[in-house]
Amino acid sequence: MNAPAARPAAQFAGYAGRLQKVLQDASWDGVEVLARDLLACWNAKQQVFLCGNGGSAGNAVHLANDFLYGISKTYGSGLRVHALPANPSVLTCLANDCGYDEIFAMQLAVQAGPGDVLIALSGSGNSPNIVRALEQARKSAMKSYAILGYSGGKAKDLAGVAIHFAVEDMQIAEDLQLIVGHMLMQWLYQNRPGA
């Protein structure tokens with residue numbers, strides 16, 4: 001006979017408590033550096049690139065929308081932002097012809113330049129295509145950031161600035177990507193050019 005299922009409310013309260021603890025213990029220094037680099041990028045009309053896999057890919061697309069429109073809500077005034085996982089035609093071409101590890105790095109090699117910003121989103125920090133994107137960012141003289149969970153993986157050392165939350169929970173790690181992105185969005189909106 002199966003044991004009775006745990007009460008959903010107890011599980012939900014535990015999840016909320018774990019998320020709250022990570023937020024309370026977090027250092028926001030790396031996020032502040034990223035905020036200032038994004039504002040400088042905006043003022044200089046440089047580009048921002050986001051990448052991630054799975055839920056992190058969804059977060060990359062979500063945050064690209066926030067940085068394109070949500071930070072200014074003025075026609076033509078947002079960041080020049082690209083979500084690298086957003087174009088399935090490009091992704092499947094590069095995965096097929098060059099290998100899945102190259103799907104983000106190849107796009108950066110064509111589109112990015114010195115002073116542009118890469119934000120890599122990863123729970124583990126060990127996805128080969130995230131590692132390759134960070135390596136390509138270094139070759140392209142980009143500023144690179146990684147928002148990471150777990151141990152931070154290889155990406156923690158490869159990123160110019162690692163925003164690391166040492167949490168062993170993929171869903172909370174992905175929540176934190178959006179929380180950081182929304183913090184940045186609100187700060188950029190308050191400090192938008194011409195405000």
Side-chain angles (χ1 to χ4, degrees), residues 34 37-38 41-42 45-71 76 78-165 167-182 184-185 188:
L34 176 53
D37 272 348
L38 288 176
C41 193
W42 192 1
K45 299 194 183 309
Q46 291 191 275
Q47 301 179 98
V48 177
F49 297 86
L50 294 112
C51 64
N53 293 288
S56 298
N59 288 344
V61 173
H62 178 132
L63 293 176
N65 172 66
D66 289 346
F67 295 158
L68 179 82
Y69 171 73
I71 60 172
L79 274 164
R80 295 175 63 207
V81 61
H82 311 274
L84 298 177
N87 187 328
S89 185
V90 169
L91 293 181
T92 55
C93 171
L94 294 176
N96 186 63
D97 291 4
C98 306
Y100 194 74
D101 295 359
E102 300 296 330
I103 61 171
F104 303 136
M106 290 285 290
Q107 292 182 71
L108 291 174
V110 172
Q111 298 180 12
D116 288 342
V117 172
L118 172 66
I119 305 171
L121 308 177
S122 179
S124 71
N126 286 319
S127 300
N129 58 14
I130 295 295
V131 169
R132 284 288 299 119
L134 289 165
E135 290 169 347
Q136 181 60 46
R138 191 173 286 177
K139 287 181 191 170
S140 299
M142 298 176 73
K143 296 177 181 179
S144 65
Y145 292 83
I147 304 175
L148 307 164
Y150 293 82
S151 69
K154 295 174 184 174
K156 187 176 177 185
D157 293 326
L158 285 171
V161 176
I163 299 167
H164 177 226
F165 301 98
V167 58
E168 301 282 321
D169 184 312
M170 185 59 76
Q171 286 66 55
I172 289 178
E174 290 177 351
D175 291 342
L176 291 161
Q177 296 166 2
L178 280 182
I179 289 169
V180 168
H182 288 159
L184 292 165
M185 176 189 170
L188 287 165

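Throughout, numbering of the chain's residues begins at 1 and tracks the sequence. Note that the coordinates shown come from a computational prediction; the quantities given were computed from them, not determined experimentally.
A 4.5 Å side-chain heavy-atom check between L50 and V81 finds at least one atom pair inside the cut-off. Contact check for H164 versus L148: side-chain heavy atoms found under the 4.5 Å cut-off. Inter-residue side-chain proximity for L79 and Q46 is flagged as unmet; no heavy-atom pair is nearer than 4.5 Å. Put simply, the side chain of S56 reaches to within 4.5 Å of the side chain of E174, judged on heavy atoms. A 4.5 Å side-chain heavy-atom check between F49 and M142 finds at least one atom pair inside the cut-off. Looking at L91 and F104, their side chains come closer than 4.5 Å, going by heavy atoms from C-beta outward. Annotation: side chain of D66 is not in contact with side chain of L184 (no heavy-atom distance under 4.5 Å). Side-chain atoms of V48 and Y145, non-hydrogen and from C-beta on, never get closer than 4.5 Å to each other.
Here the CG atom belonging to N65 is positioned 11.0 Å from the CD1 atom belonging to I71, to the nearest 0.5 angstrom. In this structure, the separation between SG on C51 and CG on L134 is 6.5 Å, given to the nearest 0.5 Å. The distance from atom OG of S124 to atom CD of E168, rounded to the nearest 0.5 Å, is 11.0 Å. Put simply, CZ on R132 and CG on N129 are 10.0 Å apart, with the number rounded to the nearest 0.5 Å. Here the straight-line distance linking atom CZ of F67 with atom NE2 of H82 works out to 13.5 Å at 0.5 Å rounding. Interatomic distance, I130 CD1 to I103 CD1, rounded to the nearest 0.5 Å: 8.0 Å.
Side chain of D157 to backbone of K154: no donor-acceptor contact under 3.5 angstrom is found. Under the 3.5 Å distance criterion, the side-chain polar atoms of Q107 are matched with a main-chain donor or acceptor of L84.
Of all the heavy atoms in A137 and L118, the pair that sits closest is CB-CD2, 3.8 Å. The heavy-atom pair separating S140 from L108 by the smallest distance is OG-O, 4.4 Å. When all heavy atoms are compared, the tightest approach of D37 to K143 is OD1-NZ, 3.2 Å. The two atoms that bring A57 and G52 nearest to each other are CB-O, 3.2 Å, heavy atoms only. When every heavy atom of V61 is checked against every heavy atom of A86, the shortest pair comes out as CG2-CB, 4.1 Å. Nearest heavy-atom pair across V180 and I147 is CG1-CD1, 3.7 Å.
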If you apply the rule side-chain contact (heavy atoms from CB on, under 4.5 Å), what do you find for N53 with Y100, and how did you get there? CA-CA 11 Å; N53 293 288; Y100 194 74; 3.0 Å; yes

N126 vs Y150, test: side-chain hydrogen bond (donor to acceptor under 3.5 Å, both in side chains). Steps then yes/no. CA-CA 10 Å; N126 286 319; Y150 293 82; over 6 Å; no

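Applying the side-chain contact (heavy atoms from CB on, under 4.5 Å) criterion to A109, with sequence neighbours excluded, gives Q136.
Each of R80, Q47, Q111 was compared with D116 under the side chain to side chain donor-acceptor pair (under 3.5 Å) criterion, and only Q47 meets it.
E135 and R138 are not joined by a salt bridge, as no carboxylate oxygen comes within less than 4.0 angstrom of a charged side-chain nitrogen.
Sparse packing is recorded around CE of M106, with 12 or fewer heavy atoms of other residues, nucleotides or ligands lying under 6.0 Å away.
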